[in-house]
Amino acid sequence: MLGPEQHPQQDSPSIPSQSRSSGNRAPSQQDSTVIRDPAIPVPLVGRLLSRRRRRSTSSQEEEEEIPFLPGYPETHDSKRRRNNDYDMLGASNGSARDRSVVDGKMPGSPSSRKAGKMTSNGTTSPDTSGRARSRQPTFYGHDREQVTRILIQGLSDMGYGNAAEALSRESGFDLETPFASAFRLAILNGDWMEAETLIQCARDGNSQEQDGGDQARKGLLLADEASIRDMLFSVSEQKYLELLEARDLGAALSVLREELQPLQQDERQLHALSSLIMCQSSEDLRLQASWDGAKGQSRALLFAELSRSIHPSMMIPEHRMAELLTQVKEASIRNCPYHNTRRWPSLYTDHVCDRDDFPLDTVCELDRHTDEVWFIAFSNDGTRLATASKDSIVVIYETQSFQILHILSGHKGAVGYLAWSPDDTKLITCSQITYPAPAEARLSKEHCAQIWDTETGTCLRTINKHNEPVTTAAWSPDGQTFVTGSLDRKHPLVMWSVNATSDDNHLHIFGLPANPSTTTNNPSTTSTTQVFRVQDCSIATLGPSSTSLAAAPDQQSTTDLANRPIRLAAVCARKTIHIFDYRTRQKLNQIQVGYELTSVNYSKDGLELLVNLSNGELWTVDGEQGTVNMKFHGLGQDQFVIRSTWGGATEGVVVSGGEDAKINIWHRYTGRLIERLDGHRGGCVNAVAWNYAQPAMFASAGDDHKVRIWLPHIHSSRLRAIQENHGKLAKDNFPNARPSAGMTAMTSASQSMNASSSSLGMVVEDDYQGRGTPVWGRDV
């Protein structure tokens with residue numbers, strides 16, 4: 001067990017708002033063909049344009065596999081998620097690839113069906129033969145008009161354009177109003193004057209109640225949180241970029257001075273936009289602005305962003321039916337206590353995972369260490385497990401048979417932490433002197449971190465920068481930099497380049513800001529001191545929800561991932577969580593907790609922090625706001641360092657050991673304790689690790705010098721039968737064989753099995769001959 005007070009205690013010690021990047025949209029040609037319907041009159045505010053018909057060709061079906069990043073936010077505010085929602089400039093409310101003009105007709109316009117059959121403002125026309133009005137206004141308690149319009153949009157999204165038009169014609173409901181159609185085409189055609197006029201004449205959402213059913217005749221209706229100022233700035237920014245690309249620098253400068261500057265208060269964004277004038281060519285502009293140009297998707301992306309500001313009664317949010325179905329599935333997952341698969345649940349039936357498919361049985365014990373095991377971690381690809389111990393060594397196992405690949409014995413002191421690089425080619429190990437310590441260790445500079453080559457098992461570099469125990473380490477998402485954390489007040493949290501060769505070549509030292517005006521979550525915690533002693537840290541990239549429609553891997557560009565914010569969280573001895581922007585190295589927030597903190601872990605999407613507290617609780621904390629989302633009770637922790645983790649294929653559970661030799665598993669979204677396992681034979685269960693690549697496996701490390709491997713009952717039962725069979729054969733054929741070092745099988749026949757020349761892992765591997773390598777819980 002590792003105690004936070006083992007060492008002599010010493011005195012411990014805004015982000016700017018991110019507006020929409022100028023590089024997120026691309027212009028089209030100014031002379032683009034403007035689509036107009038002569039059947040609709042031209043009012044004062046602009047030429048009203050009816051909707052375009054959706055193509056009847058099928059679009060690609062949604063993938064049913066949930067992406068890797070866990071977490072289930074129910075709203076998707078990131079604009080970048082729409083980057084690949086459009087396949088052409090003629091994007092529309094529904095699907096860009098499906099909505100287009102067919103034979104010059106558009107759904108909702110008089111020319112696309114018999115005159116007088118319906119209006120185009122989402123209301124029922126008088127000439128519908130009484131079909132729409134004769135039906136009940138509700139559908140099983142839901143508003144019939146809302147359901148119908150969402151179905152129309154969903155049918156079009158799926159490529160059933162003719163069915164969408166038929167439903168619109170029969171129901172008398174249209175997808176959007178003429179003003180919404182006019183606004184759409186003004187943006188997509190680059191008619192900036194008309195787009196600005198429509199925005200300036202728009203009304204807030206409170207006007208809807210006063211208008212009754214006549215709101216379609218009075219212009220756009222804005223959503224509650226919409227800002228006309230921000231909408232106008234977005235339009236002017238697009239106009240400015242298009243003029244720069246066309247090399248009309250005079251007109252672009254005029255837009256910058258007369259339109260953008262009066263609308264924007266962020267001087268840094270204005271400075272960034274003005275610097276684009278210096279670009280020598282259109283290609284240079286697109287590169288510098290991260291923008292795909294006039295013929296790209298920029299106008300479609302601009303409209304996708306602006307459409308969020310239009311009231312849904314005039315324009316339904318894009319892909320609304322798909323989003324609602326996603327929320328249904330997310331709710332099913334949230335309500336399933338043993339959910340442990342990355343596959344979407346079916347819409348046909350209620351979703352419940354079987355407890356027998358959850359890893360609750362110990363299959364084997366790894367017993368290579370001779371002292372307390374303090375930390376364990378699976379590699380990112382799930383094929384290896386690294387264990388760190390007080391006995392000063394690190395052992396790397398492969399997870400097919402749990403045979404030892406490497407024993408890393410370069411440390412003189414106890415090893416309390418390790419971290420795999422993103423590509424699993426390197427491993428950082430962190431060590432410290434434990435008291436009382438041998439004279440040899442005290443004389444050596446053993447508060448150090450080492451970097452290892454995981455393929456060869458050789459030490460690549462030793463970092464001796466810290467003068468106190470090195471408690472933690474974390475890699476950047478690209479693997480080019482990393483940080484080491486320590487109780488050292490002078491070097492508490494240090495950023496390094498992976499290519500640095502000297503301790504003097506560090507990139508940055510994170511610490512508390514000296515500026516007393518720094519904004520914190522609790523003003524009373526603001527301090528001018530630089531004292532900062534780190535117990536644990538974690539790094540994550542902020543991104544969309546793993547179950548979001550926009551989070552599918554094929555929709556995430558490399559540029560998008562590279563531009564996402566990266567957060568660094570650290571817990572220190574002053575009972576505080578500190579949040580940093582890893583890219584800018586600026587401190588964003590500090591959260592005063594009131595209890596000793598022993599570990600911190602970001603969720604994969606960077607939205608939540610999981611922290612262990614010395615009062616016997618775990619908390620999940622909003623990483624940006626600093627608010628507590630959930631408290632988990634029943635943890636046996638008081639004196640020693642216990643490290644918890646997120647568990648399950650989609651991080652739907654929280655798992656932690658404790659000082660009572662138990663392993664506790666809580667449901668992430670309800671806080672309910674769903675399992676309490678007998679973890680080890682005595683002392684603390686110091687750490688747990690979940691194998692996200694093979695989610696039916698996790699491991700635990702204890703003071704009993706053992707590492708336990710846990711699998712579902714269905715797998716463990718089969719393994720035990722295999723072990724017994726092979727154990728009997730081995731006893732008959734190899735009576736004098738010696739036990740395999742480093743592993744103990746958890747079965748009644750384990751003694752006979754260990755007397756054979758094959759360990760548990762080899763038995764399992766043999767059993768799967770001809771059927772491939774066993775993969776525990778991987779969805780295939």
Side-chain angles (χ1 to χ4, degrees), residues 14-27 77-80 187 192 195-196 199-200 222 225-282 284-293 298-299 301-302 305-306 308-309 508 510 512-521 523 526 542 559-560 562-568 579-590 624-626:
S14 86
I15 187 169
S17 60
Q18 295 182 349
S19 55
R20 186 176 51 82
S21 170
S22 61
N24 289 337
R25 305 188 311 270
D77 295 328
S78 173
K79 182 177 83 68
R80 295 185 181 277
I187 296 296
W192 309 124
E196 290 168 350
I199 294 174
Q200 290 167 349
L222 300 183
E225 302 299 326
S227 168
I228 290 180
R229 184 186 186 92
D230 292 344
M231 294 176 71
L232 289 174
F233 182 86
S234 298
V235 172
S236 296
E237 184 182 23
Q238 176 75 15
K239 185 197 310 184
Y240 171 73
L241 292 173
E242 291 193 8
L243 290 171
L244 285 181
E245 187 183 37
R247 310 308 296 161
D248 190 346
L249 301 185
L253 186 60
S254 176
V255 171
L256 180 66
R257 292 174 176 174
E258 299 176 9
E259 299 182 25
L260 291 171
Q261 189 170 358
L263 290 171
Q264 183 66 16
Q265 299 178 355
D266 189 341
E267 294 296 331
R268 282 175 294 185
Q269 185 176 14
L270 285 174
H271 178 73
L273 290 173
S274 62
S275 66
L276 296 176
I277 295 181
M278 306 303 296
C279 294
Q280 299 299 313
S281 64
S282 299
D284 187 28
L285 169 69
R286 291 190 288 269
L287 179 64
Q288 294 297 324
S290 300
W291 187 59
D292 64 354
S298 63
R299 290 182 181 175
L301 294 174
L302 172 62
E305 179 186 351
L306 293 175
R308 302 177 68 87
S309 298
H508 183 68
F510 294 91
L512 292 179
N515 183 0
S517 64
T518 300
T519 301
T520 66
N521 184 64
T526 302
L542 297 186
T559 302
D560 181 45
N563 291 333
R564 288 182 184 170
I566 301 176
R567 295 290 184 261
L568 166 64
I579 310 296
F580 300 92
D581 186 314
Y582 192 77
R583 295 188 189 276
T584 66
R585 306 170 188 176
Q586 178 185 6
K587 185 176 178 200
L588 305 179
N589 199 1
Q590 69 182 57
E624 298 297 292
Q625 303 299 323

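The analysis underlying the following values was restricted to heavy atoms, covering all of them including side chains, and did not include hydrogens, waters or symmetry mates. In this chain, numbering begins with 1 at the start of the sequence shown. Predicted, not measured: the structure shown is a model, and the values here were computed from it.
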### Query
What distance do S281 atom OG and R286 atom CZ have between them, rounded to the nearest 0.5 Å?
7.5 Å
### Message
Just checking R585: does its CZ atom have more than 12 heavy atoms from other residues, nucleotides or ligands closer to it than 6.0 angstrom?
### Response
yes
### Task
Any chance you could measure M231, atom CE, to L302, atom CG, to the nearest 0.5 Å?
9.0 Å
### Message
Donor-acceptor pair, distance only, cut-off 3.5 Å: does the side chain of R299 make one with the backbone of Q238?
### Response
no
### Summary
For L542 and R564 the tightest heavy-atom approach is O-CD, 3.0 Å
### Message
Whether the side chain of S236 engages the backbone of F233 through a donor-acceptor N/O pair (distance < 3.5 Å, no angle test) should be reported.
### Response
no
### Summary
In this structure, OG of S254 is separated from CG of L260 (nearest 0.5 Å) by 10.0 Å
### Side chain proximity check, V235 to I187, heavy atoms < 4.5 angstrom
yes
#### Entry: Side chain R229, main chain L263, donor-acceptor under 3.5 Å
yes
### Task
Mind listing the closest non-hydrogen atom pair of K239 and V255 along with its distance?
CD-CG2, 3.7 Å
### Message
Quick one, P565 and R583 - any side-chain contact, counting heavy atoms below 4.5 Å?
### Response
no
### Message
Any heavy-atom pair between the side chains of N589 and F580 that's under 4.5 Å?
### Response
no
#### Entry: CD on E245 to CG on L276, rounded to 0.5 Å
12.0 Å
#### Entry: CG on L256 to CG on L270, rounded to 0.5 Å
6.5 Å
### Query
Which atoms form the tightest heavy-atom contact between R247 and S282, and what is the distance?
CD-OG, 3.9 Å
### Task
Output yes when a side-chain donor or acceptor of Q280 lies under 3.5 Å from a complementary backbone atom of M278, and no otherwise.
yes
### Task
Looking only at non-hydrogen atoms, find the nearest pair between L241 and L285 and report the distance.
O-CD2, 3.8 Å
### Closest contact, heavy atoms only, S309 versus A226
O-CB, 3.4 Å
### Task
With rounding to the nearest 0.5 Å, note down the distance linking CG in L253 to CD1 in I277.
5.0 Å
### Heavy-atom pair of closest approach, residues D284 and C279
OD2-CA, 3.4 Å
### Query
Under the side chain to side chain contact (heavy atoms under 4.5 Å, CB included) criterion, do I579 and K587 qualify, and how do the steps go?
CA-CA 6 Å; I579 310 296; K587 185 176 178 200; over 6 Å; no
### Query
When you look at L232 and Q200, which way does the side chain to side chain contact (heavy atoms under 4.5 Å, CB included) test go after all the steps?
CA-CA 8 Å; L232 289 174; Q200 290 167 349; 4.2 Å; yes
### Message
Looking at D230, is its backbone amide N or carbonyl O close enough to the side chain of S234 to form a donor-acceptor pair, meaning the two atoms are under 3.5 Å apart?
### Response
yes
### Query
Should L249 and L244 be marked as a side chain to side chain contact (heavy atoms under 4.5 Å, CB included) after you check the CA-CA gap, both sets of side-chain angles, and the distance that decides it?
CA-CA 6 Å; L249 301 185; L244 285 181; 3.7 Å; yes
